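Inspection log for the structure reproduced underneath, given as structure tokens.
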Amino acid sequence: MYDAIVAGLGPAGSTAAYYLSRAGLNVLGVDKETFPRYKSCGGCVSTKIDGLLDFEISPAVEETVYGASFTYKSERPLDIISDKPVGYNVMRDAFDHLLLEKAREAGAEVIEGVRVRSVEDTGASVKVGLANGDSHEARVLVGADGASGLVGREVFGLRPREAAVSITAEVPLKRESRGYSGRLFIDFGCVPHGYAWIFPKKDFLSVGIAASAQKAGRIKEYFNAFVSSHGALKGLDIGPTAGWTVPVYYEGAPSPVKGRVVLVGDTGHLVEPFLGEGIYYAAYTAKAASSVILDYIGGRAGLQAYPERLEAEILPGFRSALKLSDLVYNHPRLWYGIIERDPQIMQRYYDVIRGMEDCSSFYSWALNKVKSKPWKVLRSWLESRFIPA
Ligand SMILES: Cc1cc2nc3c(=O)[nH]c(=O)nc-3n(C[C@H](O)[C@H](O)[C@H](O)COP(=O)(O)OP(=O)(O)OC[C@H]3O[C@@H](n4cnc5c(N)ncnc54)[C@H](O)[C@@H]3O)c2cc1C
């Protein structure tokens with residue numbers, strides 16, 4: 001009998017395995033892949049990760065980012081660069097491997113290359129069946145098996161439909177051959193209800209597009225149009241592409257605790273819904289869940305303390321991010337005009353990404369700012385939707 005089994009060892013699972021093992025619990029982590037493994041991702045981790053993890057991620061960081069060069073439909077370039085870092089660009093194979101090794105060093109037992117196939121909560125324990133026929137038992141199961149993960153789907157009935165779809169490519173381009181550094185490229189308007197990006201790494205540009213699964217139909221066509229029009233990709237061979245889901249948070253998502261099963265990261269739709277930031281929130285939710293599990297195993301609290309913590313700490317911000325998405329992605333031209341006229345809005349949003357300001361207070365501030373300017377169309381639209389009479 002393990003204290004905890006962790007299904008999936010991406011940033012969420014490895015962080016949970018690390019904190020649980022380090023506190024002395026008997027932990028088994030299982031992943032269907034063998035690490036290092038590829039993960040389709042922009043790979044930009046916000047700097048707020050520095051205050052979360054108690055070990056260095058710098059060995060996996062390939063570029064420190066200070067801001068972005070924005071475009072609207074690949075035109076009207078607008079550089080908004082800060083003097084302080086906003087994020088770190090990583091390749092997910094190396095980054096996730098680093099986190100997994102930390103979990104292993106902390107004492108977690110790890111099985112790689114074997115899929116979790118079944119979960120049964122008997123009330124007294126959780127039984128986890130693996131694809132190799134083995135079965136293991138634990139007092140708690142941490143579901144960390146990513147987008148459309150089995151644990152979220154089958155135990156909690158979470159719906160992969162409530163997500164964004166994406167296409168990505170890793171385009172070879174060495175840092176020395178570029179005329180820029182320390183910035184992302186972000187394009188609005190290139191796809192309905194979504195955006196496109198180019199995130200520079202040491203030897204690659206991670207290029208991608210993501211949009212609401214329900215609102216963007218032909219995502220591959222939008223991707224092709226973006227890569228053939230954006231100046232930073234001129235003359236480059238885009239190569240093979242990968243499709244993936246971004247399971248953003250949605251209103252009405254079920255509680256991430258059921259019986260002895262706890263969801264962390266993507267499998268629980270715990271991705272910030274404006275930019276699709278999920279790496280930090282995978283680690284954050286995993287660390288929060290781990291501290292609650294420690295209290296639970298020690299008889300000091302129930303597992304319900306975990307959703308209560310999420311409600312107090314991150315979900316109000318996610319709800320404001322949903323409102324921001326509604327504004328930006330339904331009206332990308334209007335939004336772009338606003339940040340062109342007042343780049344300070346994005347500078348302040350960088351503080352939200354850095355974790356120095358909550359998205360809810362940013363959203364209220366941005367609304368007041370908009371109200372004080374002569375952007376009449378936008379103002380009346382906002383008032384009709386969000387400002388109580
Ligand atoms: C195109 C794209 C771009 C993105 N860009 C960014 C970005 O720039 N910055 C950012 O912060 N976030 C980004 N995200 C979101 C980010 O990738 C995720 O939020 C993050 O990977 C979540 O981590 P996780 O550990 O929950 O899931 P994952 O990283 O997906 O890990 C899940 C693990 O579970 C394993 N697994 C799955 N099923 C099973 C099973 N049945 N049994 C055992 N193991 C299993 C998988 O092999 C995997 O290793 C992006 C996502 C996409 C799709």
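It should be emphasised that the depicted structure is a prediction, and the values quoted were computed from it without experimental measurement. This chain uses plain numbering: 1 for the first residue, then up along the sequence.
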SB check K39 E33 (cutoff 4.0 Å):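 Judged by the 4.0 Å cut-off on N to carboxylate O distance, K39 and E33 do not form a salt bridge.
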Pair E56 + K102, salt bridge at N-O below 4.0 Å: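 No salt bridge links E56 with K102.
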Nearest 0.5 Å, please: how far is [atom2] in [Y] from [atom1] in [X]?
X	Y	atom1	atom2	answer
R153	L158	CZ	CG	10.5 Å
E105	Y18	CD	OH	8.5 Å
I198	D187	CD1	CG	8.5 Å
M346	I186	CE	CD1	6.5 Å
I219	T241	CD1	OG1	11.5 Å
L99	T15	CG	OG1	5.0 Å

Between [X] and [Y] (side chain of the first, backbone of the second, donor and acceptor by atom type, cut-off under 3.5 Å), is there such a pair?
X	Y	result
T168	G208	no
D295	R300	no
D93	P36	no
Y336	F70	yes
R178	L173	yes
E357	F362	yes
R260	G123	yes
S228	N224	yes
Y249	R319	no
N89	E63	no

Search all heavy atoms of [X] against all heavy atoms of [Y] and return the closest pair with its distance.
X	Y	answer
P11	D96	CD-OD2, 3.5 Å
A213	V165	CB-CG1, 3.9 Å
A225	S229	O-OG, 3.0 Å
L263	G268	CD1-CA, 3.8 Å
S69	D79	OG-OD1, 2.8 Å
Y19	D54	OH-N, 3.3 Å

Trace of the side-chain contact (heavy atoms from CB on, under 4.5 Å) decision for L184 with W197: CA-CA 7 Å; L184 310 174; W197 66 85; over 6 Å; no
Let me check something: do [X] and [Y] share a hydrophobic cluster, defined by ILVMFWY side-chain heavy atoms less than 4.5 Å apart, either directly or through other members?
X	Y	answer
I81	I353	no
V264	I279	yes
I5	I293	no
V142	Y284	yes
L315	L322	yes

Test log, rule salt bridge (Lys or Arg N to Asp or Glu O under 4.0 Å), inputs D121 and K258: CA-CA 9 Å; D121 187 342; K258 195 167 178 188; over 6 Å; no
Steps toward side-chain contact (heavy atoms from CB on, under 4.5 Å) verdict (L310, L270): CA-CA 10 Å; L310 296 192; L270 294 164; 4.0 Å; yes
Criterion ring-ring contact (aromatic ring centres under 6.0 Å, His included) on Y88 and F95, from CA distance to verdict: CA-CA 11 Å; Y88 307 116; F95 178 75; 9.7 Å; no
Does some side-chain heavy atom of [Y] sit less than 4.5 Å from a side-chain heavy atom of [X]?
X	Y	result
F55	L98	yes
V128	V30	no
D145	V116	no
C359	F274	no
Y349	L275	yes
Q347	S82	yes
V227	I209	no
P332	Y195	no

Enclosure of [X] [atom1] (heavy-atom neighbours >12, cutoff 6.0 Å):
X	atom1	value
R117	CZ	no
K287	NZ	yes
E112	CD	yes

Side chain to side chain donor-acceptor pair (under 3.5 Å) partner of S46, chosen from E272, R354, E277: E277
Ring centre gap for F318 and Y281 strictly below 6.0 Å: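 Between F318 and Y281, the centre distance is under 6.0 Å.
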Test of ring centre spacing under 6.0 Å for Y296 and Y306: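 No: the rings miss the under 6.0 Å criterion.
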Ring geometry between H230 and F185 (parallel below 30°, tilted from 30 to 60°, perpendicular above 60°):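 Ring orientation of F185 relative to H230: perpendicular.
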Aromatic ring pairing F188/Y329, orientation class (parallel under 30°, perpendicular over 60°, tilted between):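 Taking Y329 first and then F188, their aromatic rings sit tilted (interplane angle of 30° to 60°).
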Criterion side-chain contact (heavy atoms from CB on, under 4.5 Å) on I80 and Y350, from CA distance to verdict: CA-CA 10 Å; I80 306 181; Y350 292 165; 3.7 Å; yes
Pair S206, K201: side-chain N/O donor-acceptor within cut-off below 3.5 Å: yes
Pair Y72-E340, side-chain donor/acceptor within less than 3.5 Å: no
Intermediate values then yes/no, side-chain contact (heavy atoms from CB on, under 4.5 Å), D3 and L20: CA-CA 9 Å; D3 291 317; L20 292 170; over 6 Å; no
